[in-house]
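Report on the structure given below.
In what follows, chains are A, B, ... by sequence order, proteins preceding strands, each numbered from 1.
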Amino acid sequence: MNEWHKFSLRDNPFDIFSYEHDMADRKEEWRRVESLLKSAFSGKGPRIVLLLGDYGIGKTFILEKIYQSLSKDKRVLVLRGDVLYEKRLAIMESEPRWSKFGLDFITRIFDNIEHEKLISAMNKVDFKKFRSKFSKIFQALGENDDNAFKYIIGEKVPAKTLQKYQLSSPLSDSPTGIELFFDFLRAIKFAGYDNFLMLVDEFEYITSVLGEKKITQVLNTFRQIYDDFGIYDRRCNNNLAKPIFMFAISPGGWDSLRELDETARKKTGGGGIAPFMERISNKDIISLEAFSLEDSLELVQLRLSEARTKEIKNPLSPFTKKCIEFVHKVSFNKPRNVLQYCKILLEDASEEGVKEIDVTDAKKILGKYGIALQEK
Amino acid sequence: MEKSLPALKAKANLIPRVLGIIRDNEGSYVKIKQGVFDFWRHESKRRKPPTSRNSMRAVFGPTLRHLQLIRGERDNIKLQPPGKELLQEYQKDGESGYKKLLAKHIVKLDKEKWLNVLAYLKESSKRPTFDQLLNGVRSQIPDGIINEERLTKFLLYCQYVGLVSVKDDSIVLRASQYERCTRDSYRQVGNEEFFRLLHEAYELLRSPGQGSPYVPIPDVRGIVCERGEIWLDDFDKKLTDIPKETEDYVIQLTQPMVRKPNGVVIGGKYLYYIAIYKKRRD
């Protein structure tokens, strides 16, 4: 049993799974995030923003902070979820997983929008003025109709219900999926949202598990949405909420995409994923910098302060400054590693009755778990 | 790591001209391949003429890589600093200058990368025959990869540069030559100078306005070794040893998505990209 009170702490504050913490450092990156999103939100078309950073550098945390900061925004509908690779759809059981990425992607978008938010948005739409082949579906969503949800996430619905929605078939092909998506963007615009922000984490996933053809297929879906926006928007008198994509990706993943782009250009003279890559401006890439020692000290101090039971003279207590300097040194400048190592140190120190965790303790404890052995 | 004596298939005297072909056609593998093939077809005394396919890929390419004279693949093949130096020496002083420098290069490779055969020869009280030498090296480094063919080729290189001679079936080390070669090795640089070279190379490769700050380590290594006249392996050692954070900068080394060649292993992690950040003063 850990007795955190001995360290004047309520609990161990170094968890890496919760995002309910203040952000250490990242002031410059956050300023860029705000500025880029502001520019995207006030622009006239879709935008692709890239959040670039190594594993453990804080991409997910930043995405989560963006989500938290915009989730109450009345002009931006924000989505945060695994739109790239969640569960396979029931209607797709007999088909290869990626055969209809466009459809999969759209249904996963709907599956990931917060239920309450979707209902609330649809209830704001004036369906007397909103004309669409899917208007009955959107209306039913506002009424929290289970079958309407099933339809938009690609699950089977009874034929009679389809008739009720004035639809002839279930959602089973990519063009209909894209059409539904654009009509959804129109519906939310009616509900007052000017923008639909999609926060997509681990974008490198597609380069790590898919071949060239599949990657091209996936990226072309984004490209198609990006390009077709103008056509749909004109058709409905500029009454579409703008889709803004923010992809978080590792340097290796981004490099793989760039290599693929180069190969495709050589082979096809501009085909493959080139059209997608051209839509990402260098200006829209936010790179998350490595943590410096000062950043790591700030992070540890911040986390400790969140769990303090009383004011303490040394804000790093029970760690010594030298201990955190050591943790930082072996962390590869990654905040996730700093948090993980501090968590381990605090737990073991508590169990072993160590009152002050110095660099010697850190070497001993972390070494026990195979961390920082080369620094011994 | 298992050490081996590599198979040096190409003849030592042909190396400088192949290095010249590579330098003159840098950026085009097709031209390099054709140039090497034309040259070798003319030079080869084999009954069966060499093929275009094998000239670079199976003979000169692997030999030059074993000798650490080139780096990169296909269109990215470039001369390494030792390759450039050998070529320059050849052009300046002809075969004699080239031989002196190649001797020094072989001594260093043998000592640091291969099986230290020359040191074994030096320590041997008797002048060993070929078989005795083969068995002797085998017994000293049981895990080392060596066979008759590889040792023969290696000794032919050593003979060509004047490091060994053969007398009455015995292999003789030319001790004075060997000693001279062990001195004046490649330049060693201090941490400060290494960081300066590293930073310069990084900035050079990271073109302005480029969104991503990450640059492949092999590209940086090439420039640093070239400009700083640093031995290839010394670069990795130096990169491992230098502090990753100074008063003004943070060096970040990151992993690739898939294993890519010529990265660097630090702290048990295989790293391929480097980013250097100037510290912010908030």
Of all residues at least two apart in sequence or in a different chain, which pass the salt bridge (charged side-chain N to carboxylate O under 4.0 Å, His left out) check with B:R23?
none
Do other residues, nucleotides or ligands put more than 12 heavy atoms under 6.0 Å from the [atom1] atom of [X]?
X      : atom1 : result
A:K65  : NZ    : yes
B:R74  : CZ    : no
A:E262 : CD    : no
A:K38  : NZ    : no
B:K78  : NZ    : yes
B:K31  : NZ    : no

Is it the side chain or the backbone of B:L271 that comes within 4.5 Å of chain A heavy atoms, both, or neither?
side chain
At a 4.5 Å cut-off on heavy atoms, which part of B:V258 comes close to chain A: side chain, backbone, both, or neither?
neither
Return the [atom1] to [atom2] distance between [X] and [Y], rounded to the nearest 0.5 Å.
X      : Y      : atom1 : atom2 : result
A:L288 : B:Q252 : CG    : CD    : 9.5 Å
B:E245 : A:E325 : CD    : CD    : 9.5 Å
A:L293 : B:K244 : CG    : NZ    : 15.0 Å

Chain B contact via [X] - which portion, at a heavy-atom distance below 4.5 Å:
X      : result
A:Y55  : side chain
A:N333 : side chain
A:S250 : side chain
A:I280 : neither
A:E259 : side chain

Return yes if some donor-acceptor pair links the side-chain N/O of A:E204 with the main-chain N/O of B:M257 below 3.5 Å, else return no.
no
In terms of heavy-atom pairs under 4.5 Å, which option from B:P243, B:S212, B:P256 contacts chain A the most?
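The residue among B:P243, B:S212, B:P256 with the greatest pair count is B:S212.
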Is there side-chain contact between B:Y214 and A:S287, with heavy atoms separated by less than 4.5 Å?
yes
Donor on one side chain, acceptor on other, B:Y273 and A:D255, under 3.5 Å
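There is such a pair (donor and acceptor under 3.5 Å, judged by atom type) between the side chains of B:Y273 and A:D255.
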